[in-house]
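Here the structure is laid out as structure tokens; the discussion comes afterwards.
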Number of protein chains: 2
Amino acid sequence: MLLARKTLSRRAPRLRDPERTRQRLLRAASREVYRYGFQSAGLDAILAAANVTKGALYYHFESKEALGHAVIEEVVAKLQRDRWLVPLQRSKDKEPIDALIGVVQAIPARPKDVKGGCPLVNLTQEMSQLDEQFRKRLERIFHAWQEGVAAALRRGQHQGTVRRDLVPEETASLLIAMVEGYEVLAKNAQDVKVWNMGIRNIVGWLSSLRAPGKRRRS
Amino acid sequence: MLLARKTLSRRAPRLRDPERTRQRLLRAASREVYRYGFQSAGLDAILAAANVTKGALYYHFESKEALGHAVIEEVVAKLQRDRWLVPLQRSKDKEPIDALIGVVQAIPARPKDVKGGCPLVNLTQEMSQLDEQFRKRLERIFHAWQEGVAAALRRGQHQGTVRRDLVPEETASLLIAMVEGYEVLAKNAQDVKVWNMGIRNIVGWLSSLRAPGKRRRS
DNA sequence: CCAGCAACATACCGACCAGTATGTACTCTG
DNA sequence: CAGAGTACATACTGGTCGGTATGTTGCTGG
């Protein structure tokens, strides 16, 4: 019955798989935190969702805070990279403004995403004032985000497709503020329509950043 | 010793003053909720800050939720009215764009305000998804806010000082999103400089809403 | 094949916390 | 000025939650 086990490296249903357990915990924790916030997230609920016991949790993480830190660094940060930095990196063939418009429009707009809001905003609102450890980790993500957008804008300025009168870092922060702001409005309304309206307005504003004159090639 | 008491209606140091007690509770509760969020706000902490006992609390409010609702309707809503609607109403002599710029610049920028963030955003992020009662109350405030700004923009369009190509409601929502978004960024940074930069950018954007042509009188 | 450590599992603890039961003192009305 | 109801005060409860102590089992190197 268990003869097929062997040591086939992958897919062998080992009963002990610490890395897998850790990932299950991170996954369950990020969901619970996303939904209820860090402070109100219950360890017991996380354990139940991950199908893991308390002993396993405290083997992998030394406290609830440590678990929260790992969620930020490994789940939230990755999410932000995948949605913004990677796409921006990959679309260096396109004009930066078009790339940014594409990225903004690609932000998930399913009801559950809109109703849950942006994980980054959720955690910032709850924790930045209360816990410096959380704040620093979140700030790194914001900074990378802003830097990524600013880099794209700078590239556009060099190639002449983006207005030269704007400061890339500040314009980047304004874009981020708009996105986060609309996430808040849409979360409050619990309505996808609000989010879609926000995207339209943001895209319109992004278009206004193009350098004047130079007609774009169709 | 207590002869001066009488029934002088006002300022008589009565030992029982239910309305005053209620206000003390609302005040203490709003501070505690502002700082820790609704769910993490402790009743005991609120009671201690208000110098009131639990019996008094449950005489005036039937539950923690009811207290939260009252905070939103009586404290947060009033704050928003005083900062946005009233100033916009009172400055009908000015051009709407100038009025809006004035209002935005008048938002408190003390360290404690920046570090605490916007009460409306705080509560929305925490509660809109979890409790429909909270959500509806917060939505009313957002709606009044947006309507107030939109009305100002419409007025500007009629008098010819605001661009006619923009939709007042949508532009209003974009302004609100920018303000809230920068509140989030500044709260994360815990830095007044971020907020001031945000205000500059928002003011710059507001200026771009002026109708072209017509030179403004100095 | 077995020793020993890694990777859990279970039971339990004290703190906290919203809410309540009940008692009491102030205040107003008649 | 008395009684009744308002406006509290105090003590207590049941439940939850993060954390821990301790036991147990799977796994791996020698």
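Letters A, B, ... mirror the listed sequences (proteins, then strands); counts begin at 1. Owing to the predicted nature of the structure, the values given are computational and were not obtained by experimental measurement.
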Which residue, A:Gly55 or A:Asp44, contacts DNA chain D at a nucleotide closer to its 5' end, judged by nearest heavy atom? A:Asp44

Looking for any heavy atom pair under 4.0 Å, which part of the strands does A:Ala41 touch: base, sugar-phosphate only, or nothing? sugar-phosphate

Validation row: A:Gln190, B:Glu132 side chains within 4.5 angstrom (heavy atoms): no

Between [options], spot the one nearest the side chain of [X], thanks.
| X | options | result |
| --- | --- | --- |
| B:Lys64 | C:dC8, C:dG19, C:dT27 | C:dG19 |
| B:Tyr59 | D:dA7, D:dA11, D:dG18 | D:dA7 |
| A:Glu65 | C:dC8, D:dG19, D:dC8 | D:dG19 |
| A:Leu43 | D:dA9, C:dC8, D:dG19 | D:dG19 |
| A:Tyr58 | D:dG19, D:dA9, C:dC8 | D:dG19 |
| A:Lys54 | C:dC26, D:dT20, C:dA9 | D:dT20 |

Interatomic distance, [X] [atom1] vs [N] [atom2] [rounded to whole Å]:
| X | N | atom1 | atom2 | answer |
| --- | --- | --- | --- | --- |
| A:Glu19 | C:dC8 | CD | P | 10 Å |
| A:Arg16 | D:dT28 | CZ | C1' | 12 Å |
| A:Arg22 | C:dA7 | CZ | C1' | 14 Å |
| B:Leu67 | C:dA18 | CG | P | 11 Å |
| A:Gln39 | D:dC17 | CD | P | 14 Å |
| A:Asn51 | C:dT10 | CG | C1' | 15 Å |

Is the shortest side-chain N to carboxylate O distance from [X] to [Y] below 4.0 Å?
| X | Y | value |
| --- | --- | --- |
| A:Glu126 | B:Lys187 | no |
| B:Asp44 | B:Lys54 | yes |
| A:Arg22 | A:Glu74 | yes |
| A:Arg135 | A:Glu139 | yes |

Under 4.0 Å from OP1 or OP2 of D:dC8: is there any side-chain N or O of B:Thr21 that close? yes

Does B:His60 have a side-chain nitrogen or oxygen under 4.0 Å from the phosphate oxygens OP1 or OP2 of D:dT6? no

